[in-house]
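In what follows, a single structure is set out as structure tokens and then discussed.
Below, chains carry the letters A, B, ... as their sequence lines are ordered, and counting in each starts from 1.
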There are 2 protein chains.
Amino acid sequence: MSRPLAVDRHGQILQALDAQGSVSVSDLAERFNVSMETIRRDLKLLAEEGRLVTVHGGAHRLSNEPSLSRRTIENAEGKAAIGRAAAEFVEDGMAILIDSGSTTLALAQALTNRGDLTVLTNSLPIGLLLARTKTIKTVLLGGEIEPNDEAAFGLDTLDLIAKYRVDLAFIGAGGISETGQFTDYTRLAAEQRSRMAAAAKATYVLADHTKFSKRTPVPIPIASPIAGLITDYMPKGEVAPEAAARIWPIRIAGSKP
Amino acid sequence: MSRPLAVDRHGQILQALDAQGSVSVSDLAERFNVSMETIRRDLKLLAEEGRLVTVHGGAHRLSNEPSLSRRTIENAEGKAAIGRAAAEFVEDGMAILIDSGSTTLALAQALTNRGDLTVLTNSLPIGLLLARTKTIKTVLLGGEIEPNDEAAFGLDTLDLIAKYRVDLAFIGAGGISETGQFTDYTRLAAEQRSRMAAAAKATYVLADHTKFSKRTPVPIPIASPIAGLITDYMPKGEVAPEAAARIWPIRIAGSKP
DNA sequence: CCCTTAATGTGACTTTATGTGGCTTTGTAG
DNA sequence: CTACAAAGCCACATAAAGTCACATTAAGGG
């Protein structure tokens, strides 16, 4: 009798996992007409590859954690891709500055397995996340906490930024105008981002595609060289690509329009 | 018969908790068709992970992220009592300063239903917790993050403290000597707490009974008037009660030896 | 063909999850 | 403050799930 390939089964297990979030050993054994032991071996193998985590009775996918705040989930995939792309510019031994925001949080997430870094941030979640690695030296730029951003803003924050000098700054933006200008919701936020950029030798702007359709009132003046805009993809028509490309190189992370 | 996966149940419990704020053991038992005992075990497990807090009859979500989980649970009841007692000294309209630590976090918990307050803190979990109330104005005293404390320390923090003046300061301590002196683990932490006290019109020290048996190396010099030591109970013999009472009034929160 | 190898099945034994019953604790109505 | 029902806790029982060693089978290469 021809034996069905184990690889096919593995693929289907992962597919089921993707659809349902979790699978049970007994269900799979019945579905594929193999013994539970075989399924267990499959799951063990896949677990070793880091494709799932096994639990008593079955397995579930790794990203199943229903924590994290709501906004983080919005276009999570795109933001994670941006985060990974941005992390590639960070070299060991660097001091970097990370702005608040869900996109920059994805960058922090991508840096958690790194060491020998100094990270300055005004974001509380990013600060907590990186401090817990215990290998990344983290400095929190204090100030008045803005509840929506869960980050510090204000005179104190501006003062603190001025005291530091970093290799790279990764800042977010409230929106991007059709002329390629970064914009923000408030005067203070715009000023703060501007000062962050000024404290760095080079600045990357992190913005996912949803920012292209947003128009916010205050332009962010950026004096220091913009090393690049890192985004997941660029919607057509929202901003003149030539103009944009002329001003700052665009790094597209991930794919799919 | 195949048993449904326990992790799925855990996930759904957390989801329900996120949506409803609290869940009851009996409801969950009925919903998942398992015994109440099983649900209790689930909740206990999740509570140990710091994902929720159990109460008589069920569980409710904790308003802050999983963080100091381990230490927070240690003598949680005593610390909660201390937090509630300390909160009574805080009046509407006040500006207060809250030090980092699991005991002071309990104070922050007790303040979450209040409004019209300004709170300064160097603790990230406290900052996040209070900022999310949206009614309490929160200022984070930034600086280098100490991973174990999840709080900011250092020159920047000292600078920021000096810029403010508050009505009350609530500080922690690493230990209490038999002569009634507050002590700390490091020179920097001691200095910082000392400055916090100096920035306030009056200072309360929050310490649960476990601190009486701890002797840490650096004394905390406190210049401003100590309004009181707030503790759950005082172990006999560890510190001369007369001496202690002479220096600062003791407020015993809660009960049981 | 026979031999090797990888995948799968089997059975004995261990571990885990859940249920059950007796007893204690807690919350609350009277 | 007391009484009592609901909830919690603990110890034990049990069935499902996991583990491990060994047997079996199919595929492939001389």
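- Rounded to a whole Å, the CD1 atom of Ile39(B) is 16 Å from the C1' atom of dT20(C).
- Residue Leu43(B) contributes atom CG, which lies 13 Å from atom P of dT18(C) at whole-angstrom precision.
- Listed pair Ser35(A) / dG9(C) meets the phosphate criterion, a side-chain N or O lying under 4.0 Å from OP1 or OP2.
- Among dG8(D), dT18(C), dT19(D), the nucleotide with an atom closest to any side-chain atom of Arg40(B) is dG8(D).
- The structure places CG of Leu52(A) at 8.0 Å from CD1 of Ile13(A), a figure rounded to the nearest 0.5 Å.
- dA7(C) atom P lies 10 Å from atom CG of Asp42(A), rounded to whole Å.
- Distance from the side chain of His56(A) is smallest to dA17(C) among dA17(C), dA7(D), dT10(C).
- Counting only heavy atoms from C-beta on, Arg9(A) has its side chain closest to dT8(C) among dA7(D), dA17(C), dT8(C).
- Atom pair Asp8(A):CG and dT8(C):P shows a separation of 11 Å (rounding to whole Å applied).
- The distance from atom CG of Leu28(B) to atom P of dA6(D) is 18 Å, rounded to the nearest whole Å.
- Side-chain contact check for Arg31(B) and Gln12(B): at least one donor-acceptor pair (N or O, by modelled atom type) lies under 3.5 Å.
- More than 12 heavy atoms of other shown residues, nucleotides or ligands fall within 6.0 angstrom of atom CD in Gln20(A).
- Note on Glu37(A) versus Arg41(A): salt bridge recorded, some NZ/NE/NH1/NH2 to OD/OE distance being below 4.0 Å.
- For the pair Leu5(B) CG and dA17(D) P, the interatomic distance rounds to 9 Å; values are reported in whole Å.
- The side chain of Glu37(A) lies closest to dC20(D), out of dC20(D), dG8(D), dA17(C).
- Straight-line distance from the CZ atom of Phe32(B) to the P atom of dG19(C): 12 Å, rounded to whole Å.
- Considering only the side chain of Val25(A), dG18(D) comes nearest among dG8(D), dG9(C), dG18(D).
- Judged by distance alone, with hydrogens and angles left aside, Arg41(A) brings a side-chain donor or acceptor within reach of the base of dG9(C), the pair sitting under 3.5 Å.
- Nearest to the side chain of Ala6(B), among dA17(D), dT18(C), dA7(D), sits dT18(C).
- Looking at Thr104(B), Thr103(B), Val205(B), Ile98(B) one by one, the single match for side-chain contact (heavy atoms from CB on, under 4.5 Å) with Ile171(B) turns out to be Val205(B).
- Heavy atoms of Val55(B) sit under 4.0 angstrom from primed sugar atoms or phosphate atoms, though from no base atom.
- Regarding Glu30(A), its CD atom lies at a distance of 14 Å from the P atom of dA16(D), rounded to whole Å.
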